[in-house]
Amino acid sequence: TDANAVAFLGTGSGTVDIVDANGAGFSGATGSGNIALATQTGDLTVAGDIATRGDASLTATAGSLQRTGGTVRANALSLIAGGSNGGIGSVAAPVLTDAATIAFTGNGSGAINIVEANGASIRGSTGSGDIRVESTSGDLTVDGAVSTGGDARLTAGRDLALNAAVSADEVVLNARGGAIRQSNAGVITADTLSGSSQGATSLLAANRIDRLGAFTTNGFALSNAQALTVASNAVVDGGTGNVALTTTQGGIAIDGTLRSQHAVTVDGTVTLNSAGTIVEGVGGRILADVLTGRSLGSASFGSENSFIANRVGTVSQFQSRGTFSLTTEGTLGIFNLDATGFTTYLGVIGGDLLQLRDSEIRNTTGRYFVPDGGIGRRGNGEGQSLRVTGTGNQTIIDVRIRPAYVTARTANGTFLLLDGVGGFNSEIAGSTGSAQQSNNVSDSYIDPALISARFRTYGIVPSGMRLPEDQIESKESDDE
């Protein structure tokens, strides 16, 4: 044909095969036969409903696919825009479809804009244009590769399944009424990943993502085969679920916020498993009932010289193969922190530093800063004195509620030196500092005035022994 508008009607299993010499608008239907529509030059426009129970293909050989009205209904649908910058639909006027499977091809900077009425399986590509595919209801499944040099936004009315690779500059995934899941073949390659889901998001393939942007979900898990950065100002919110980030190669950098806090009896957990280091930048923040994980290098969540206002309730079963440091607001509980062979630093503002159950900190040396609360509780049972197994000094930088209860030993049971920095003021020095448990003695105390005074030696004062009157007052054992 050579017309501006082409309307057709077939019946039964009759097929429709039309090629227009120039650009044309199409509408029409047949029963169960296949429909093949094409333009040799110019654009192919969906001007009204195009429908069959069979398959349909729409090809703009040297142009783009546009829509001015109607929906394309078919079993398997192929959309091809072969122009040098051939695109499919637009943001304002996407191609509307109702199909079981959709394959699309754009070219150059041509963008892809498709809105599917029900669930569909999709695949396709374009050069550098953006890809936007949405199902208004039903599931959206990537069953073949989706790729572009631009951005890709995939939105499902219910569940979103990645069963084939998705590659784009930025990938945005949304499951408005369900979950996001990924098979091993559904690898995401992107500069940035962001999105949302009503249910959980589980992306555990060997992804290659540079930055993790904002993600709102009810449970988030991501595995990455390279170093990963939580982008600045991004919030990854686990909602009613947990947040877990894993790298199988490279480290984790946190410049945004990771949140897993629950107002229920089940704690929200942030799990970080890094094949390298974990470094939280000054713009980063962890808001979690529980922080757990491992790092094959150091793990820094704030430091003695750079306080980061995290809000972590408990450090649980964290293993670091390098130095470990954490700063947080509010009371911090420790349920096993293993930095064997390396130093640890714990800074707590606005709360206490406590041992939980029968747990310990393993390090070489440790430094503890709790200016608004206490360290440990009196006694040596579960949840009492802060227990440390190390090789060197354990330093109380500052503590408000005195004494600080710390039981520090080497692996073979020898007591370690507990000391304080020279900055103890008179109020702190006037009370007792660290408390050590020793054999057959209920409690013993260390006088921080002796620690900080260069002209005196320092030692453990057994229960029942009073310091000389000319020394600063010390607290005696409660058993006296």
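The analysis underlying the following values was restricted to heavy atoms, covering all of them including side chains, and did not include hydrogens, waters or symmetry mates. The chain is numbered in sequence order, starting from 1.
Within the structure, no pair that satisfies the salt bridge (Lys or Arg N to Asp or Glu O under 4.0 Å) test touches residues 107-120, not counting sequence neighbours. Every pair tested for ring pair (Phe, Tyr, Trp, His ring centres under 6.0 Å) that includes a residue from residues 141-194 fails, sequence neighbours excluded, so the list is empty. A salt bridge (Lys or Arg N to Asp or Glu O under 4.0 Å) check over residues 237-257, counting only residues at least two apart or in different chains, returns the pairs D237-R259.
Smallest separation of non-hydrogen atoms from A165 and V142: O-CG1, 4.4 Å. Nearest approach of Q394 to T364, heavy atoms of both residues: NE2-O, 3.5 Å. Closest non-hydrogen pair, L140 versus S135, comes out as CB-OG, 3.9 Å. Nearest heavy-atom pair, G322 versus A339, reported as atom, atom and distance to 0.1 Å: O-CB, 4.1 Å. For the residue pair A81 and I88, the shortest heavy atom distance occurs at CB-CG1, 4.0 Å. In terms of heavy atoms, A145 sits closest to A164 at N-CB, 3.7 Å.
Between the side chains of S197 and T217, at least one donor N or O sits under 3.5 Å from an acceptor N or O. In summary, the side chains of S196 and N174 do present a donor paired with an acceptor at a separation below 3.5 Å, with no hydrogens or angles considered. Of the N and O atoms on the side chains of N412 and T410, at least one donor lies less than 3.5 Å from an acceptor on the other residue.
For A200, there are no side-chain contact (heavy atoms from CB on, under 4.5 Å) partners two or more places apart in sequence or in a different chain. Considering only residues two or more places apart in sequence or on other chains, R176 meets the salt bridge (Lys or Arg N to Asp or Glu O under 4.0 Å) condition with E134. Scanning for salt bridge (Lys or Arg N to Asp or Glu O under 4.0 Å) contacts around D191 gives R211, with sequence neighbours left out. Partners of N218 under the side-chain hydrogen bond (donor to acceptor under 3.5 Å, both in side chains) rule, at least two apart in sequence or in another chain, are T240. Partners of D139 under the salt bridge (Lys or Arg N to Asp or Glu O under 4.0 Å) rule, at least two apart in sequence or in another chain, are R158. The side-chain contact (heavy atoms from CB on, under 4.5 Å) test applied to T328 returns N310, V312, L332, V348, not counting sequence neighbours. Scored by the side-chain contact (heavy atoms from CB on, under 4.5 Å) test, N233 finds no partners at all (sequence neighbours excluded). In this structure, the side-chain contact (heavy atoms from CB on, under 4.5 Å) partners of T189, at least two apart in sequence or on a different chain, are S167, V187, R208.
Judged by distance alone, with hydrogens and angles left aside, the side-chain atoms of D338 form no donor-acceptor pair with the main-chain N or O of Q319 at under 3.5 Å. Between the side chain of T136 and the main chain of A117, a donor-acceptor pair closer than 3.5 Å is present.
L272 pairs in a side chain to side chain contact (heavy atoms under 4.5 Å, CB included) with only one of the listed residues (V243, L258, T247, T246), which is L258. The side chain to side chain donor-acceptor pair (under 3.5 Å) test with Q182 is passed by exactly one of N207, T201, N163: N207.
Remark: L291 CG to Q317 CD distance equals 12.0 Å, nearest 0.5 Å. With rounding to the nearest 0.5 Å, the separation of CG in D419 from CG in N393 is 4.5 Å.
No salt bridge links D130 with R153; every basic N to acidic carboxylate O contact stays at or beyond 4.0 Å.
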Just list the side-chain donor-acceptor pairs under 3.5 Å for residues 102-114, sequence neighbours left out, or say none.
unit_1, atom_1, unit_2, atom_2, d
N107, ND2, G83, O, 2.9
S109, OG, N85, OD1, 2.9

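Ring orientation note: the planes of F220 and F215 are tilted relative to one another, at an angle of 30° to 60°.
For CZ of R362, the number of neighbouring non-hydrogen atoms (other residues, nucleotides, ligands) closer than 6.0 Å is 12 at most.
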